[in-house]
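See below for the structure under consideration.
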Amino acid sequence: MSGLQVYYNFFMQSGPFSSRKTMVFTVLVILILISLLILNKEKWTTQEKCFKTAIWFYLYLIFLYTFLSRTGKGDFDYNLMPFWSYQHIFSTHEFRIVLEVLFNCLMFIPVGILVPWAYENFLHEDEVKKRNTVLLFGLIVSVSAECLQLFTRTGLFEWDDIFHNMIGMILGYGIYLFLKGKHFWEVHRYFLPMIGVILALMVAMV
C-alpha cells in the first residue's frame, strides 16, 4: 500500500463522522460553537465570527486526528532523537516518512493564518510581539497534542513533529501577512524554513 493510500485511509477512518465516538465529539463541538456565536452575536464582528469559528473547529480536528479518534496502545511510545526522520529517510528512502514530515508542516499552516485573523483586535500592535504570541500559541497546541498522544498512548511523542508543526506555523503566519498586504520580500523569511525542509527531504531521498 502506498504512503498516500495509507494517509487517505487514515483520514477516512478517523474523520469527524467516522464512528459513534467521533460523531458525538463533533456534534458537541458544533453545538458549543453555535452557542458561542449566539452569545456573542452583538459583540463579535463578522470577521471574528468567521475566523474564530474556523480556528476552533480546526483545532478540534487537529486533536481529533492526533489522539481523540485513535485507540490506545499498551506502552508509552516516544522518540527523543532530534531529526530522526531525516536520518531514517536518508537510510531507507521511505516515502511514507517524507509524507509524514510534510503533513506535520502542512497541518499547522491554517493555524498560522487563522489565529492572527481571529484575534486581530486582541493581539499586540507591535509586529514582533504579535508574531511571538501567535507562534507561542502554535507551540502550545503542538506540545499539547504530542503530550496527549504520549499519556493516552495513542501515538508517538517526538520532537520532530513539534519542529515541523512550528515550520508550518511560521509559514502560515507569513501567508497571513502577505494576504494582509505585505510585499513578498517583507515576509519572505517566513517561507524560508519550509523551503529548507523541502530541500532537506530532497537531499535525504537522493
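Heavy atoms only: backbone and side chains are in, while hydrogens, waters and symmetry mates are out.
No side-chain donor-acceptor contact under 3.5 Å links E146 to the backbone of W159. With hydrogens and angles disregarded, a donor-acceptor distance shorter than 3.5 Å links the side chain of R189 to the backbone of E186. When atom types are taken as modelled, the side chain of H88 and the backbone of W84 share no donor-acceptor pair closer than 3.5 angstrom. Here the side chain of D160 pairs a donor or acceptor atom with the backbone of S85 at under 3.5 angstrom. Put simply, the side chain of S91 gets close to the backbone of Q87: a donor and an acceptor are under 3.5 Å apart. A donor-acceptor contact shorter than 3.5 Å links the side chain of K21 to the backbone of L68. A donor-acceptor distance shorter than 3.5 angstrom exists from the side chain of K49 to the backbone of K41, with no hydrogens or angles considered. The main-chain N or O of T26 is found under 3.5 Å from a side-chain atom of Y60 such that the two form a donor-acceptor pair.
From Y190, atom OH reaches atom CD1 of I170 across 9.0 Å, with rounding to the nearest 0.5 Å. Distance CE/M166 to CG/D161: 13.5 Å, rounded to 0.5 Å. Atom NZ of residue K182 and atom OH of residue Y176 lie 9.5 Å apart, to the nearest 0.5 angstrom. T66 OG1 to L64 CG: the interatomic distance, rounded to the nearest 0.5 Å, is 8.0 Å. Of the inter-residue distances, the one linking T71 atom OG1 with R153 atom CZ reads 14.0 Å to the nearest 0.5 angstrom. In this structure, the separation between OG on S18 and CE on M23 is 9.5 Å, given to the nearest 0.5 Å.
There is no path of hydrophobic side-chain contacts, each under 4.5 Å, that joins L192 to V128. L28 and I55 are members of different hydrophobic clusters when ILVMFWY side chains are connected at heavy-atom separations under 4.5 Å. Under the 4.5 Å side-chain heavy-atom criterion for ILVMFWY residues, no single connected hydrophobic cluster contains both F25 and L31. Linking Ile, Leu, Val, Met, Phe, Trp and Tyr residues whenever their side-chain heavy atoms come within less than 4.5 Å leaves L59 and F17 in two separate clusters. With hydrophobic clusters built from ILVMFWY side chains whose heavy atoms lie under 4.5 angstrom apart, L201 does not share a cluster with V206.
Looking at V203 and F90, their side chains never come closer than 4.5 Å, going by heavy atoms from C-beta outward. Q149 places a side-chain heavy atom less than 4.5 Å from the side chain of R70. Between V141 and F63 the shortest side-chain heavy-atom distance falls below 4.5 Å. Contact annotation: the side chain of F95 approaches that of L99 to within less than 4.5 Å [non-hydrogen atoms, C-beta and beyond]. Counting heavy atoms from C-beta on, the side chains of I32 and L36 come closer than 4.5 Å.
Atom CH2 of W44 has more than 12 neighbouring heavy atoms from other residues, nucleotides or ligands inside a 6.0 Å radius. The number of heavy atoms from other shown groups lying within 6.0 Å of CZ (F178) does not exceed 12. Remark: M205 CE is packed, more than 12 non-hydrogen atoms of other residues, nucleotides or ligands lying under 6.0 Å away.
Among all heavy-atom pairs drawn from F122 and E48, the shortest one is CE1-OE2, 3.7 Å. When every heavy atom of T133 is checked against every heavy atom of L123, the shortest pair comes out as CG2-CD2, 3.7 Å. Looking at every heavy atom in both residues, L61 comes nearest to P16 through CD2-CG, 3.9 Å. M194 approaches L171 most closely through the heavy-atom pair CG-CD2, 3.7 Å. Taking all atoms of both residues into account, the shortest heavy-atom contact from N79 to L156 is N-CD1, 3.6 Å. Taking every heavy atom of both residues into account, G174 and V187 meet most closely at O-CG2, 4.1 Å.
Using the six-membered ring where Trp is involved, Y86 and H164 have ring planes that are tilted, between 30° and 60° apart. Ring pair Y119/W56 is tilted by interplanar angle, where 30° to 60° counts as tilted.
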Next on the checklist: Between V134 and M169, is the side chain to side chain contact (heavy atoms under 4.5 Å, CB included) condition met? List the steps.
Outcome noted: CA-CA 9 Å; V134 172; M169 191 77 188; 3.6 Å; yes
Next on the checklist: Working note: L136 + I140, criterion side chain to side chain contact (heavy atoms under 4.5 Å, CB included); need CA distance, chi angles, decisive distance, verdict.
Outcome noted: CA-CA 6 Å; L136 177 62; I140 291 171; 4.1 Å; yes
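Checked against the 6.0 Å centroid threshold, F191 and F184 count as a close aromatic pair.
The only option from V143, L150, D77 that meets the side-chain contact (heavy atoms from CB on, under 4.5 Å) definition with F157 turns out to be L150.
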